[in-house]
Amino acid sequence: LAGAGFPVPTGFTVTTDAYRTFVEAAGVESAIADIVRHVDPEDVHRLEADSGKIRALLLDAALPEAIASEIRAGYRELGGHAFVAVRSSGTAEDLAGTSFAGLHESFFDVRGAEDVLAAVKRCWASMWTARVIAYRRRNGFDHLSAGIAVVVQVMVEAEVAGVLFTANPLTTATDELLINASWGLGEAVVAGMT
């Protein structure tokens, strides 16, 4: 959109490589693998407990200083005091047969470098909620191959927000566009409430 001249809020992306580096530096990959190896999407109580363990591992882990410095620098380039959206973008979103849209978490009106760092970690941890783990298991995705990027963009004061599909997602007709929108920042769209 930016290349086509549309007014896109400035921002930066924390790559999937940064996520993988974080997991490796935290030394938690084998613990995560042990937990998800025996996950049963039908055992809701255990799934919630296992999900909580994984998210705690990630949220409690220190962010490598090289990654934290890059994120702080990116935030400074946005003005250093801007309110931003910190949005999850999973690598398996919007595939032909599956969609993780709305399953990962995003955070709005985040302000300050340290709050941005915390929100990035929360986005990464959202890759391990019970609903995401169950969805990956039910659809045959390898948990440890999945990745997640995080987009940090300056907030806009939106009256209406939405998603434009360049093909009708219900009929797969490529000669139709479909817009799904709602008032406000679009949480209702992402949550599938519209």
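Residue numbers run from 1 in the order of the sequence given. Note that the structure is predicted; figures quoted are calculated from it, not measured.
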Item to complete: Kindly give the heavy-atom pair with the smallest separation between Val84 and Met155, and that separation in Å.
Response: C-CG, 3.4 Å
Discussion item. Counting neighbours of CD on Glu70 that are heavy atoms of other residues, nucleotides or ligands and sit closer than 6.0 Å, is the number greater than 12?
Written reply: no
Item to complete: List the steps, then state whether side-chain contact (heavy atoms from CB on, under 4.5 Å) holds for Thr13 with Val152.
Response: CA-CA 6 Å; Thr13 302; Val152 179; over 6 Å; no
Fill in: Closest heavy-atom pair and its distance - Ser106, Arg87
OG-CA, 3.2 Å
Item to complete: May I have all residue pairs that pass ring-ring contact (aromatic ring centres under 6.0 Å, His included) and include part of residues 59-86, sequence neighbours excluded?
Response: none
Discussion item. Using a 4.5 Å cut-off between side-chain heavy atoms of Ile, Leu, Val, Met, Phe, Trp and Tyr, which other residues end up in the same hydrophobic cluster as Val151?
Written reply: none
Item to complete: For Val154 and Ala82, work out which heavy atoms get closest and say how close.
Response: CG2-CB, 4.5 Å
Practice prompt. Please name all residues satisfying side-chain contact (heavy atoms from CB on, under 4.5 Å) with Thr171, sequence neighbours left out, ordered by chain then number.
Written response: Asn168, Ala173, Glu176
Worksheet item: Who else is in the cluster with Val156 when I, L, V, M, F, W and Y are joined by side-chain contacts under 4.5 Å?
Response: none
Item to complete: Using the test ring pair (Phe, Tyr, Trp, His ring centres under 6.0 Å), find all partners of Phe22 that sit at least two apart in sequence or belong to another chain.
Response: Trp124
Worksheet item: Under the side-chain contact (heavy atoms from CB on, under 4.5 Å) criterion, do Met127 and Tyr19 qualify, and how do the steps go?
Response: CA-CA 11 Å; Met127 202 174 94; Tyr19 167 75; 3.4 Å; yes
Worksheet item: Would Glu77 and Phe12 count as a side-chain contact (heavy atoms from CB on, under 4.5 Å) if you check the C-alpha gap in whole Å, the side-chain angles of each, and the deciding distance to 0.1 Å?
Response: CA-CA 9 Å; Glu77 288 182 24; Phe12 63 92; over 6 Å; no
Worksheet item: How far apart are the closest heavy atoms of Ile148 and Ser126, and which atoms are they?
Response: CD1-OG, 4.4 Å
Between side-chain atoms of residues 52-64 and protein atoms elsewhere (two or more places apart, or another chain), which donor-acceptor pairs fall under 3.5 Å?
residue: Arg55; atom: NE; partner: Ser51; partner atom: O; Å: 3.4
residue: Arg55; atom: NE; partner: Ser51; partner atom: OG; Å: 3.0
residue: Arg55; atom: NH2; partner: Ser51; partner atom: OG; Å: 3.2

Worksheet item: Listed by chain and number, what are the salt bridge (charged side-chain N to carboxylate O under 4.0 Å, His left out) partners of Glu114, not counting sequence neighbours?
Response: Arg72
Worksheet, complete the sentence: For Glu42, the salt bridge (charged side-chain N to carboxylate O under 4.0 Å, His left out) test, sequence neighbours excluded, returns Arg138
Worksheet item: Minimum heavy-atom separation for Val150 to Cys123, with atom names?
Response: CG2-CB, 3.7 Å
Worksheet entry | Partners passing side-chain hydrogen bond (donor to acceptor under 3.5 Å, both in side chains) against Asp34 (at least two apart in sequence or in another chain) | Arg37
Worksheet item: Picking from Val86, Val110, Ile67, Ile71, what satisfies side-chain contact (heavy atoms from CB on, under 4.5 Å) with Leu117?
Response: Ile71
Fill in: Under the salt bridge (charged side-chain N to carboxylate O under 4.0 Å, His left out) test, residues paired with Arg46 that sit two or more places apart
Asp50
Practice prompt. Please name all residues satisfying side-chain hydrogen bond (donor to acceptor under 3.5 Å, both in side chains) with Ser69, sequence neighbours left out, ordered by chain then number.
Written response: Glu65
Discussion item. Using side-chain contact (heavy atoms from CB on, under 4.5 Å), reason through Val28 and Val23 one step at a time and then give a plain yes or no.
Written reply: CA-CA 6 Å; Val28 297; Val23 169; 4.0 Å; yes
Worksheet item: Rounded to the nearest 0.5 Å, what separation is found between the CG atom of Leu47 and the CZ atom of Arg131?
Response: 12.0 Å
Worksheet item: Cluster partners of Leu1, using ILVMFWY side-chain heavy atoms under 4.5 angstrom, listed by chain and number?
Response: Phe6, Val8
Worksheet item: What pair of heavy atoms forms the shortest contact from Glu105 to Thr129, and how long is it?
Response: OE2-CG2, 4.2 Å
